[in-house]
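Reckoned from all heavy atoms, side chains included, excluding hydrogens, waters and symmetry mates. Sequence lines set the chain letters: A, B, ... in the order given, protein chains first and strands last, and positions in each chain run from 1.
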Number of protein chains: 2
Amino acid sequence: MLQHPLLTKREYEMRARVMKALGHPTRLFMVDELSRGERCVADLTEMVGADMSTVSKHLTLLKEAGLVAGEKRGVQVFYRLKTPCVVKFFECIDAVLHAR
Amino acid sequence: MLQHPLLTKREYEMRARVMKALGHPTRLFMVDELSRGERCVADLTEMVGADMSTVSKHLTLLKEAGLVAGEKRGVQVFYRLKTPCVVKFFECIDAVLHAR
DNA sequence: CGAATACTTGGCGTGTTCGCCAAGTATTTT
DNA sequence: AAAATACTTGGCGAACACGCCAAGTATTCG
């Protein structure tokens, strides 16, 4: 990374942060689910089967990575996928998995 | 994840493992570099600027995730990218980053 | 205003990741 | 066979991630 970096160190760090955000089964599930439409935290919590605080933290992490956005409507917060291209990752990942 | 999972829990775990492997700046750099052609560990070590043992462990992790393959030739080990489609992730990631 | 609902945030224990150093293996060279 | 090169593996401390519970905030409803 010292000599002739293709990108800067900081750029790789930023990219890594996005990939890291997707590196958890629960967050991957939520992204998959959000690709079908917006969901509120309570719905996701029920689907995931964890504490709501845990789900909320996962969503915060995804939001900080720039992958989702949340909008408060009344007492609920609805999350949606900001960058649907992420869904295309899955095809490639499955190719990786099947090639083993 | 309990009710009506789009995929099984295990499938999300397997996918997460692949994404996790890409969730580190050094590994992301190496994948990027390997997309240009095979490289031996010493070359990558010099580029990354870390201990060779560290780089070797990163490569092992990428290999276990199914992303790269290593081939020993003489005293060197050359790594190559097994699934070039991973490179396409970067476009989307940058879209995510620029959309913030 | 008080209670209820839907979330977020703080804190904490546990487990995982990451980096280096040191030691081990394998291949080539002398 | 000994030395050198190119790795890999083990071990260890520091930092980070993850889960739950408890407490806090915000909005709505009676």
Side-chain angles (χ1 to χ4, degrees), chain A residues 1-3 9-10 12-31 33-34 37-80, chain B residues 1-2 9-10 12-31 33-34 37-65 67-80:
Chain A
M1 221 108 74
L2 292 174
Q3 211 154 5
K9 195 181 171 189
R10 188 143 291 126
Y12 284 111
E13 280 166 3
M14 284 163 67
R15 285 180 170 191
R17 189 147 155 264
V18 176
M19 299 305 289
K20 220 170 182 173
L22 293 169
H24 191 286
T26 298
R27 291 193 293 267
L28 227 35
F29 166 80
M30 294 196 298
V31 166
E33 184 61 32
L34 291 176
E38 61 177 25
R39 303 280 186 269
C40 70
V41 184
D43 285 352
L44 289 169
T45 296
E46 199 197 343
M47 290 188 253
V48 166
D51 197 278
M52 184 182 273
S53 70
T54 300
V55 172
S56 176
K57 279 175 183 172
H58 280 309
L59 286 165
T60 299
L61 205 152
L62 286 171
K63 190 170 64 184
E64 280 170 358
L67 290 163
V68 305
E71 190 197 341
K72 184 153 192 169
R73 290 210 288 277
V75 87
Q76 291 166 296
V77 178
F78 288 87
Y79 281 90
R80 64 182 178 80
Chain B
M1 219 108 73
L2 292 176
K9 196 182 171 189
R10 188 144 290 126
Y12 284 112
E13 281 166 2
M14 286 164 64
R15 285 180 170 190
R17 188 146 155 266
V18 177
M19 300 305 287
K20 220 171 182 174
L22 293 169
H24 189 286
T26 298
R27 292 194 292 267
L28 226 35
F29 165 80
M30 295 196 296
V31 166
E33 184 60 31
L34 291 176
E38 59 176 26
R39 303 279 187 267
C40 70
V41 183
D43 285 352
L44 289 169
T45 296
E46 199 197 342
M47 290 187 256
V48 166
D51 197 277
M52 185 181 274
S53 69
T54 301
V55 172
S56 176
K57 278 175 184 174
H58 280 309
L59 286 165
T60 299
L61 204 151
L62 286 171
K63 190 169 65 183
E64 280 170 358
L67 290 162
V68 306
E71 190 195 341
K72 183 154 192 170
R73 289 210 288 279
V75 85
Q76 293 165 297
V77 178
F78 288 88
Y79 281 90
R80 65 182 177 79

Rounding to an integer number of Å, can you tell me how far F78(A) CZ sits from dT5(C) C1'? 13 Å
Base dC21(C) paired with S53(B) side chain (donor-acceptor, <3.5 Å): yes
For K72(A) and for T60(A), find the nucleotide of DNA chain C with the closest heavy atom, then tell me which residue's nucleotide is more 5'. K72(A)
Between R17(B) (CZ) and dT16(C) (C1'), how many Å, whole number? 14 Å
Using a cut-off of less than 4.0 Å, is there contact between a side-chain N or O of H58(B) and OP1 or OP2 of dG19(C)? yes
Between dA26(C), dC20(D), dT8(D), spot the one nearest the side chain of D51(A), thanks. dC20(D)
What nucleotide among dC7(D), dT27(D), dC18(C) has an atom nearest to a side-chain atom of R27(B)? dC18(C)
Less than 4.0 angstrom from a charged side-chain N to a carboxylate O is my criterion; do E71(B) and R73(B) meet it? yes
Using a cut-off of less than 4.0 Å, is there contact between a side-chain N or O of S56(A) and OP1 or OP2 of dT8(C)? yes
Ion pair check, R39(B) and E46(B), cut-off under 4.0 Å: no
Side chain to side chain contact (heavy atoms under 4.5 Å, CB included) between M30(A) and L59(A): does it pass, once the steps are laid out? CA-CA 8 Å; M30(A) 294 196 298; L59(A) 286 165; 4.2 Å; yes
To the nearest Å, give me how far apart CE (M52(B)) and P (dC20(C)) are. 13 Å
Could you tell me how far apart L44(A) (CG) and dT8(C) (C1') are, to the nearest whole angstrom? 15 Å
Side chain of V75(B) - closest among dT5(D), dC7(D), dT8(C): dT5(D)
Distance from D43(B) atom CG to Q76(B) atom CD, nearest 0.5 Å? 7.5 Å
Any donor-acceptor N/O pair, T45(A) side chain to V41(A) backbone, under 3.5 Å: yes
Interatomic distance, L61(A) CG vs dA17(D) P [rounded to whole Å]: 8 Å
When all nucleic acid strands are considered with a 4.0 Å heavy-atom cut-off, which category describes K57(A): base, sugar-phosphate, or nothing? base
Starting at CD of Q76(A) and ending at C1' of dA26(D), how long is that distance when rounded to a whole Å? 13 Å
Give one of base, sugar-phosphate or nothing for Y79(A), where a contact means two heavy atoms less than 4.0 Å apart. sugar-phosphate
Whole-Å distance separating the NE2 atom of H24(A) from the P atom of dA17(D): 12 Å
To the nearest Å, give me how far apart CD (E46(A)) and P (dT5(C)) are. 16 Å
Nearest-nucleotide 5' precedence on DNA chain D, V41(B) against R73(A): V41(B)
